[in-house]
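Counting convention: from 1, in listed order, for ligands and their atoms alike.
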Amino acid sequence: MTTTEVLDLTLIPAHVAVIMDGNGRWARKRGLPRTAGHRAGMKALKAVVRVAPELGIRYLTVYAFSTENWKRPTEEVGFLMDLMTEMMKREIRELHGAGVRIRILGDLSAIPEKTLQAVREGVELTRDNTGLQLNIAFNYGGRQEILSAVRTVLDRSPGPEEITEDYFSRLLYTEDIPDPDLVIRTSGELRISNFLLWQIAYAELYVTDVLWPDFGREDLVLALQDYQARGRRFGGI
Ligand code: FPP
């Protein structure tokens with residue numbers, strides 16, 4: 001029996017969000033530069049994008065670059081920008097062929113032109129696909145996202161009674177995307193790191209010690225099994 005067979009296929013989370021942490025540690029353990037960890041992380045991401053829809057996941061959101069990641073050495077930031085460009089150029093045909101729809105969550109105004117162009121083309125090419133929706137959080141910060149929504153509210157000056165949770169949710173990058181049911185964080189840290197602060201209000205959290213580049217199908221199945229053992233009450237009893 002494989003791990004997959006013990007999953008309840010009626011209880012698969014529609015939306016899984018992932019904090020892909022541990023690329024640097026993975027590389028260090030092997031005496032490699034951090035960039036090698038990010039490249040291995042990209043390979044793991046490709047594998048998870050293939051497996052997620054097979055397991056019934058409809059939305060996969062991954063934290064690829066945070067608003068805080070600009071503090072990293074220029075070389076590492078440049079490498080991550082180039083990886084994103086590469087994914088949108090070299091991998092896009094395969095993703096498109098698999099019916100993946102790509103969305104970007106984040107502030108694209110600070111992204112280098114070459115990467116931005118590739119991202120725009122990838123999003124445009126896949127916009128009508130109906131398979132897995134892959135949301136890439138890129139130059140994303142939860143606080144920044146909320147502040148930007150607050151600014152829009154002030155601009156529109158609606159009546160106080162109009163400002164409902166639904167109204168506010170629609171001003172976020174995730175406007176029409178259902179909230180994540182499950183957040184997975186790899187590499188053992190017990191932190192949210194400014195990821196989807198509004199959207200994960202009722203998400204189940206799953207932390208594994210596995211470093212992101214080592215994360216694969218079996219690890220995803222384990223996370224789903226753990227999720228299925230939880231009793232989600234959304235504040236009820
Ligand atoms: C965190 O690990 C990971 C990142 C900041 C980048 C995540 C990027 C990928 C998984 C590759 C795919 C990327 C793109 C752009 C499509 P860390 O570097 O903080 O690891 P550490 O905590 O072990 O140092």
Please check whether [X] reaches ligand 1 - meaning an N/O of the residue sits under 3.5 Å from an N/O of the ligand, judged on distance alone.
{"X": "Gly24", "value": "yes"}
{"X": "Asp21", "value": "yes"}
{"X": "Asn69", "value": "no"}

Residue and atom name of the nearest protein heavy atom (relative to [atom]), distance in Å to one decimal:
{"atom": "atom 13 (C) of ligand 1", "answer": "Leu83 CD1, 4.1 Å"}
{"atom": "atom 9 (C) of ligand 1", "answer": "Asn23 ND2, 3.6 Å"}
{"atom": "atom 6 (C) of ligand 1", "answer": "Ala64 O, 3.4 Å"}
{"atom": "atom 15 (C) of ligand 1", "answer": "Leu80 O, 3.6 Å"}
{"atom": "atom 4 (C) of ligand 1", "answer": "His38 CE1, 4.0 Å"}
{"atom": "atom 16 (C) of ligand 1", "answer": "Met87 SD, 3.7 Å"}

Is there a heavy atom of [X] sitting under 4.0 angstrom from any atom of ligand 1?
{"X": "Ser187", "result": "no"}
{"X": "Arg34", "result": "yes"}
{"X": "Arg72", "result": "yes"}

**OP:** Decide side-chain contact (heavy atoms from CB on, under 4.5 Å) for Val119 and Ile111; before the verdict, give the C-alpha distance in whole Å, the side-chain angles of both, and the deciding distance to 0.1 Å.
**Re:** CA-CA 10 Å; Val119 162; Ile111 302 303; 5.6 Å; no
Original post:
What do we get for Trp26 next to ligand 1 when only non-hydrogen atoms under 4.0 Å count, side chain, backbone, both or neither?
Top reply: neither
Subject >> Glu86 and its side-chain contact (heavy atoms from CB on, under 4.5 Å) partner, picked from Lys89, Met88, Arg90 >> reply: Arg90
**OP:** Provide the full list of ring pair (Phe, Tyr, Trp, His ring centres under 6.0 Å) pairs with a residue in residues 203-237, sequence neighbours left out, each pair given once.
**Re:** Tyr202-Phe234, Trp212-Phe215
Subject >> From the candidates Met20, Arg25, Met88, the one that places a heavy atom nearest atom 23 (O) of ligand 1 >> reply: Arg25
So, [X] side chain and [Y] main chain: donor-acceptor pair closer than 3.5 Å or not?
{"X": "Arg58", "Y": "Leu132", "result": "no"}
{"X": "Glu145", "Y": "Tyr173", "result": "yes"}
{"X": "Arg39", "Y": "Thr35", "result": "no"}

Original post:
Would Asp155 and Arg151 pass as an ion pair if we require N to O under 4.0 Å?
Top reply: no
**OP:** Can you sort out which atoms of ligand 1 are near Trp212, meaning under 4.0 Å from one of its heavy atoms?
**Re:** 10 (C)
**OP:** Give the C-alpha distance, both sets of side-chain angles, the deciding distance and a yes or no for side-chain contact (heavy atoms from CB on, under 4.5 Å) between Phe138 and Met84.
**Re:** CA-CA 9 Å; Phe138 199 68; Met84 183 65 162; 3.7 Å; yes
Subject >> Contacts of His15 that satisfy ring pair (Phe, Tyr, Trp, His ring centres under 6.0 Å) - sequence neighbours left out >> reply: Tyr59
Subject >> Given Lys43, Lys46, Arg50, the one that forms salt bridge (Lys or Arg N to Asp or Glu O under 4.0 Å) with Glu91 >> reply: Lys46
